[in-house]
Amino acid sequence: MKTTIKKIVPALGFACLLSCTDLDVDMKSEFTEDNFPVTQADMEAVCGPAYSGFKSAYGRNFWLMVTTTTDKALMVTNDNNWYDSGYYGEFALHTYKADNSMTTGSFESLYGCIFTCNQILSILENAPETEYRTQAMAEVRAMRALYHFWATDNFGAVPIIDRFGIDSPERSPRLDVVEFIEKELQEIMPDLTTTVNNTTYGKPTQYMAKALLAKLYLNWGVYATADVALYDPTTSTNTHLNDVVAMCDEIIKSGLYDLSDDWLEKFKSNNGPHIKDFIFAFPYNWAYTDGNIHSRFWGHKFFEYTFGMNKKPSGLLRAVPEFVDKYNLEGDVRNNIWRGGKQYYENTTEPYIVNLSNATLDKYYNGPDPNGMVDWHFELTKELVIRGENAAEIAENIRQLNLGNDELGLAMGYRNMKFYPTVESTEYDQDNDIPIFRYADILMMKAEAILRGATATLGDTPESLVNQIRECAKAPFVDRMDLDELLDERAREFADEYWRRNDLIRFGKYEEDWGLKKSRIRNIQY
């Protein structure tokens with residue numbers, strides 16, 4: 001039987017979100033009728049905000065929203081630290097509503113970017129015809145389509161805003177939104193560039209648009225269901241599975257992308273346009289404090305010393321133990337994204353030892369010498385354990401997802417260092433570019449579409465496609481692949497890359513129980 005919490009399905013969207021969100025965004029531009037952009041440099045200058053406007057939200061609010069609603073991670077509290085009216089914990093318990101600052105922040109950022117795109121398009125429509133103008137307009141429309149995709153994927157029925165100056169927009173059914181996105185991408189495809197180099201990095205290309213279409217088509221069965229709470233992956237019909245394969249094949253046959261990059265290195269601070277796996281990414285630079293703060297939220301305070309970071313992290317993110325257990329393949333380099341167990345100075349065998357009192361280590365210490373000093377080998381434990389001296393305190397700590405503000409509580413939970421810290425940064429921000437579409441995802445989407453009934457092409461099988469990814473990860477090859485194993489493979493390959501929520505919904509597993517979201521605590525009023 002469904003609990004009352006399960007009636008709040010974020011994929012449906014929030015009926016009241018639009019009513020409590022100000023969509024009247026005042027956009028200004030330096031360009032006027034007497035000063036239209038003419039040169040390519042002018043076009044790139046005026047289009048810049050369309051490409052970069054969502055980067056800050058993508059690196060924090062949006063990331064935390066789509067990540068901590070899944071079986072991958074959650075945000076905890078440590079006594080009075082990070083409670084913030086319970087907003088963070090709502091995501092783990094699936095009780096978040098329209099007044100959560102991260103949902104409203106993400107929604108407003110998306111529609112602020114859509115309005116920016118529309119304003120830019122209104123400028124370009126009136127600008128003199130030039131060689132680059134048509135391509136520039138196609139790129140801005142591609143970004144507008146991406147923002148609409150993220151909006152409908154996360155909020156369900158949302159407004160379609162396709163021109164500048166629309167007042168009080170009405171929400172459109174989800175299917176109408178995805179059909180709008182499909183039509184936009186098909187129309188602009190010929191005008192997008194097929195050049196892939198440092199000049200087009202971080203900007204829409206034909207391959208970015210095809211990757212977005214593939215993602216749209218793969219999830220079409222979810223989007224076409226009138227009530228996503230009734231979506232059943234075993235009975236829902238997706239009529240676009242062969243379209244998924246077709247889009248993926250066009251990217252594969254281009255020969256412009258591959259998996260030759262070292263798997264761990266491509267997520268580090270020196271990644272960029274040279275990474276052959278990245279089809280489309282948001283570039284980040286810590287000196288501009290433009291938003292990527294993964295290491296801040298994942299990092300333990302002692303990482304300042306073990307990693308040699310200039311800025312002490314202060315994160316509340318913890319891995320869900322069951323998710324970490326999926327990293328069980330011998331030799332798989334992807335296992336190394338997790339920091340857990342006894343900790344050492346990075347790339348050494350020297351343990352990180354902290355001298356502290358028994359009571360500082362464990363606030364619930366009940367031995368004979370609470371003030372006695374011990375040398376503790378800093379250790380991150382996998383399990384997330386709610387503690388307390390009595391039933392009332394335990395219940396309250398469960399309500400707050402409070403692990404305790406002692407060293408044991410702070411050290412609960414494995415930490416994801418996939419986007420390896422920029423140790424020289426003096427801010428929370430880091431330099432790692434965040435991929436949005438990767439060639440590995442193209443292979444995995446094609447494999448899934450075939451497993452779900454699409455016609456195989458190019459001699460590919462689900463196993464051969466997944467084994468290309470396994471080879472890059474130095475993991476054992478598979479002899480047989482089914483949908484459950486494919487979902488686990490997606491977990492291993494795309495952890496912390498924003499797709500887990502999308503995947504769980506498509507596979508009908510988003511409302512299952514895991515970690516501290518288990519049924520025993522879900523009826524507690526948060």
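Throughout, residue positions are numbered sequentially from 1 according to the sequence presented.
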Separation of Glu512 CD from Thr70 OG1 (nearest 0.5 Å):
12.5 Å

Could you go through Ser295 and Gln430, starting from their C-alpha distance and side-chain angles, then the distance that decides it, and tell me whether this counts as side-chain hydrogen bond (donor to acceptor under 3.5 Å, both in side chains)?
CA-CA 8 Å; Ser295 293; Gln430 56 195 100; 3.1 Å; yes

Atom pair CD/CG of Glu322 and Asp325 - distance to nearest 0.5 Å
7.0 Å

Verify, without hydrogens or angle tests, whether Thr67 (side chain) and Leu64 (backbone) share a donor-acceptor contact under 3.5 angstrom.
no

Against the six-membered ring of Tyr284, is Lys55 placed for a cation-pi contact (under 6.0 Å from the centre, within 45° of the normal)?
yes

Does the distance from a Lys or Arg side-chain N to an Asp or Glu carboxylate O, for Arg144 and Glu184, drop under 4.0 Å?
yes

Do the ring centers of Tyr352 and His377 come within less than 6.0 Å of each other?
no

Does any non-hydrogen side-chain atom of Asn336 lie less than 4.5 Å from one of Met417?
no

Arg492 CZ to Ile469 CD1 distance, which is reported to the nearest 0.5 Å:
11.0 Å

Looking at Met75, is its backbone amide N or carbonyl O close enough to the side chain of Thr68 to form a donor-acceptor pair, meaning the two atoms are under 3.5 Å apart?
no

Indicate yes or no for a side-chain donor-acceptor contact from Thr225 to the backbone of Gly221 under 3.5 Å, with no hydrogens or angles considered.
yes

Is there a donor-acceptor pair closer than 3.5 Å between any side-chain N or O of Thr152 and the backbone N or O of Gly156?
yes

Should the pair Glu427-Arg296 be classified as a salt bridge under the 4.0 Å nitrogen-to-oxygen rule?
no

Out of Asp153, Asp441, Asp243, which one pairs with Lys215 under the salt bridge (Lys or Arg N to Asp or Glu O under 4.0 Å) rule?
Asp441

Apply side-chain hydrogen bond (donor to acceptor under 3.5 Å, both in side chains) to the pair Tyr201 and Asp433, showing each step before the final yes or no.
CA-CA 11 Å; Tyr201 183 72; Asp433 296 350; 2.8 Å; yes

I'd like to know if the side chain of Lys418 and the backbone of Ala495 have a donor-acceptor N/O pair within less than 3.5 Å.
yes

Side chain proximity check, Pro233 to Phe507, heavy atoms < 4.5 angstrom:
no

When rounded to the nearest 0.5 angstrom, what distance separates CE in Met445 from SG in Cys248?
4.5 Å

Residue pair Trp286 / Asn292, side-chain donor-acceptor N/O under 3.5 Å
no

Heavy-atom distance under 4.5 Å between the side chains of Phe282 and Ser52, does that happen here?
no

Checking ring pair (Phe, Tyr, Trp, His ring centres under 6.0 Å) between Phe155 and each of Tyr147, Phe107, Tyr96, which is the one that passes?
Phe107

Using a distance-only test with no angle check, is there a side-chain donor-acceptor pair under 3.5 angstrom linking Asp496 and Trp298?
yes

Applying side chain to side chain donor-acceptor pair (under 3.5 Å) to Tyr257 and not counting sequence neighbours gives none

Carboxylate-amine/guanidinium proximity below 4.0 Å for Glu485 and Arg480:
no

Roughly how far, to the nearest 0.5 Å, is the CZ atom of Phe280 from the CG atom of Leu212?
9.5 Å

Would Lys266 and Glu497 pass as an ion pair if we require N to O under 4.0 Å?
no

Is there a donor in the side chain of Glu182 and an acceptor in the side chain of Tyr217, or the other way round, less than 3.5 Å apart?
yes

Test item: Thr422 side-chain N/O and Glu424 main-chain N/O as donor-acceptor pair under 3.5 Å
no

Taking it one step at a time, do Leu483 and Arg452 satisfy side-chain contact (heavy atoms from CB on, under 4.5 Å)?
CA-CA 8 Å; Leu483 284 171; Arg452 293 188 183 276; 4.0 Å; yes

Would you indicate whether Asp232, at its atom CG, is surrounded by more than 12 heavy atoms from other residues, nucleotides or ligands within a distance under 6.0 Å?
yes

Taking only residues two or more places apart in sequence, or in another chain, which ones meet Glu250 in a side chain to side chain contact (heavy atoms under 4.5 Å, CB included)?
Lys210, Met247

Checking Arg60 against Phe297: charged group under 6.0 Å from the ring centre and within 45 degrees of the axis?
no

Val76 side chain reached by Asn402 side chain, heavy atoms, under 4.5 Å:
no

Lys474 and Asp332 ion-paired at < 4.0 Å:
no

Would a distance-only check, ignoring hydrogens and angles, find a side-chain to backbone donor-acceptor pair under 3.5 Å from Arg318 to Met412?
yes

Measuring from Leu185:CG to Ile181:CD1, what's the distance to the nearest 0.5 Å?
7.5 Å

Under a 4.0 Å threshold between the charged nitrogen and the carboxylate oxygen, would Glu179 count as salt-bridged to Lys183?
no

Does a donor on one side chain sit under 3.5 Å from an acceptor on the other, for His294 and Asn432?
no

Okay, side chain of Tyr327, backbone of Ala491: is any donor-acceptor separation there less than 3.5 Å?
yes

For Asp71, give me all partners under side chain to side chain donor-acceptor pair (under 3.5 Å), at least two apart in sequence or on another chain.
Arg500

Donor on one side chain, acceptor on other, Thr457 and Asp249, under 3.5 Å:
yes

Between Glu493 and Arg490, is there a side-chain N and carboxylate O pair less than 4.0 Å apart?
no

Salt-bridge criterion met for Glu346 and Arg339 (N-O under 4.0 Å)
yes

side-chain contact (heavy atoms from CB on, under 4.5 Å) for Tyr223 and Phe149? Distances and angles first, verdict last.
CA-CA 11 Å; Tyr223 303 148; Phe149 170 79; 3.3 Å; yes

Donor-acceptor under 3.5 Å (Tyr439 side chain, Lys276 main chain):
no

